[in-house]
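A short worksheet on the structure shown next.
All values reported here derive from a predicted model rather than from experimental measurement.
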Amino acid sequence: MIVTVTANTGIDYIAFVKELPRGKTIRATQMVESISGKPSDASWILGELGVTSHALGFSAGPNGDRAAGFLRDKGVQIDYVPVGGESRRNLILISEEGWQTAITTNSLFVIEEHLAQLRAKYIDALKHASVVVLGGTLPAGMTPAFYVDYIALARARGIPVIFDAAEPNLSAGLTSYPTIIKPNQDELSGLIGRPVILIDDAYQAGLTLYQQYGTITVTTLGAEGGLVVLRDRAYHIPIIPVPVVNAAGAGDAVLAGLAYALDKGLPIEDGLRVGFGAATATVTQPGTAQCTRDDVFRYAEQVQLIPYP
């Protein structure tokens, strides 16, 4: 079974506005509530695809209950550790002028007792895990060592790990040799210490990371699509032209596609097609990571894997 671990669970509130003038009351034209957190988003999408996953993490208050409810509705098996504070609530503003801005919070409080409880649940879940999806920000009381430990625990058991995080968590987690990392353009730039502007920048970075860690890098590049670097080949994946409503969660859809393929023993190329098909499906919807199974597989058939360079 696919196991996902979201330390910083939450809810996204997406507000659509015409514009954002200073000093004036702004009336939203539409409000949408959806799940938040990279691995949680992946679990939601997998549920829509008919694949059951086991979601672990920390949760607190009504927001945490709401997040768990979103996942249960998709058949996800929930095993959250209740902690202090409140699961975060993020505000995403989307303007008809063409811009999108996210305001995030960090309001969970984790202590050593909570960490021990989650670690025990995780070790137990690994007995039946086909693949682990880890990533996202960490709440107060946690350090990047969390990812070092969790990736190492899975890899020691021969379980593939898909990891998606920003610095300093990304570089820390790499020291435990995850199977796949899925940074976006900014996250990869932060990892290597220089801007990733061109597709070739992502390619060169992916080559170096594979040489150092044996880790596959799948970089999402916004309007340029994606670039994946494997041991003996690489692909550029152009975007599928669709009207973009909300880009939040598109990268998390790629996580879901990769996990889908690993769980079913399919080639990574199939996972890339499902993942980027799911990413295309999500950007056409107002909610974070929202999509339908029919749209995912319809777009998956249109995904191009172009050998690079």
Side-chain angles (χ1 to χ4, degrees), residues 6 8-42 44-45 48 63 66-67 70 87-107 135-137 164-167 170 182-190 195-199 202 218-227 237-257 275-292 295-296 299 303:
T6 309
N8 216 356
T9 54
I11 294 292
D12 279 353
Y13 287 89
I14 302 101
F16 292 83
V17 298
K18 290 185 178 297
E19 56 184 356
L20 193 62
R22 297 178 63 180
K24 293 184 178 181
T25 299
I26 303 167
R27 290 178 172 81
T29 58
Q30 184 182 6
M31 289 286 293
V32 180
E33 182 185 56
S34 56
I35 192 74
S36 176
K38 295 174 185 289
S40 293
D41 289 348
W44 193 98
I45 293 168
E48 175 61 25
N63 287 340
R66 186 73 176 124
F70 276 119
S87 287
R88 61 183 179 152
R89 180 184 301 174
N90 305 315
L91 176 62
I92 298 174
L93 297 173
I94 300 176
S95 167
E96 293 180 6
E97 296 173 328
W99 52 260
Q100 179 169 330
T101 298
I103 303 171
T104 66
T105 60
N106 196 358
S107 49
T137 59
D164 185 0
E167 283 297 285
L170 181 52
K182 197 230 59 68
N184 61 29
Q185 199 164 354
D186 291 339
E187 290 162 347
L188 185 60
S189 298
V196 173
I197 299 172
L198 305 174
I199 294 173
V218 180
T219 307
T220 49
L221 298 166
E224 294 294 338
L227 193 286
I237 306 170
I239 64 167
I240 299 170
V242 294
V244 176
V245 178
N246 177 9
D252 307 338
V254 177
L255 297 177
F276 281 86
T280 305
T282 64
V283 302
T284 67
Q285 301 297 316
T288 299
Q290 286 185 349
C291 59
T292 67
D295 280 349
V296 170
Y299 287 123
V303 172

Check the pair Phe70, Ile11 against side-chain contact (heavy atoms from CB on, under 4.5 Å), reporting the backbone distance first and the verdict last. CA-CA 10 Å; Phe70 276 119; Ile11 294 292; 3.6 Å; yes
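When all heavy atoms of Gly10 and Ala67 are compared, the closest pair comes out as O-CB, 3.7 Å. Closest approach of Ile45 to Ala253, counting heavy atoms only: CD1-CA, 3.5 Å. Counting all heavy atoms, side chain and backbone alike, Leu255 lies closest to Ala42 at CB-CB, 4.2 Å.
By the side chain to side chain donor-acceptor pair (under 3.5 Å) test, Thr137 is found to be paired with Asn8, residues two or more places apart in sequence or in another chain being considered. For Gln100, the side-chain contact (heavy atoms from CB on, under 4.5 Å) partners two or more places apart in sequence, or in a different chain, are Ile92, Ile94, Asn246, Ala247, Ala248. Listed by chain and number, the residues in a side-chain contact (heavy atoms from CB on, under 4.5 Å) with Thr219 are Pro183, Leu188, Ala202, Thr217, Leu221 (sequence neighbours excluded). Qualifying salt bridge (charged side-chain N to carboxylate O under 4.0 Å, His left out) partners for Glu97, counting only residues two or more places apart in sequence or in other chains: none. Thr292 meets the side chain to side chain donor-acceptor pair (under 3.5 Å) test with Asp295; sequence neighbours excluded. Glu224 pairs by the salt bridge (charged side-chain N to carboxylate O under 4.0 Å, His left out) definition with nothing, not counting sequence neighbours. Residues passing the side chain to side chain donor-acceptor pair (under 3.5 Å) test with Thr9 are Ser87, sequence neighbours excluded. The salt bridge (charged side-chain N to carboxylate O under 4.0 Å, His left out) test applied to Asp164 returns Lys38, Lys182, not counting sequence neighbours. Judged as a side-chain contact (heavy atoms from CB on, under 4.5 Å), and not counting sequence neighbours, the contacts of Ala250 are Ala279, Thr282, Val283. Take Asn184 and apply the side chain to side chain donor-acceptor pair (under 3.5 Å) test, not counting sequence neighbours, and it matches no residue. With sequence neighbours excluded, the residues satisfying side-chain contact (heavy atoms from CB on, under 4.5 Å) with Leu198 are Asp201.
No option in Asn90, Val32, Ile35 other than Asn90 meets the side chain to side chain contact (heavy atoms under 4.5 Å, CB included) test with Asp12.
Listed for the Thr220 side chain is no donor-acceptor partner under 3.5 Å among the backbone atoms of Gly251. Under the 3.5 Å distance criterion, the side-chain polar atoms of Thr105 are matched with a main-chain donor or acceptor of Arg89.
With a 4.5 Å cut-off on side-chain heavy atoms, Ser36 and Thr288 do not count as touching.
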Which donor-acceptor pairs under 3.5 Å do side chains of residues 13-26 form with protein atoms, sequence neighbours excluded?
from, atom 1, to, atom 2, distance (Å)
Tyr13, OH, Glu33, OE2, 2.8

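To the nearest 0.5 Å, atoms OG (Ser189) and CD1 (Ile197) are separated by 7.5 Å.
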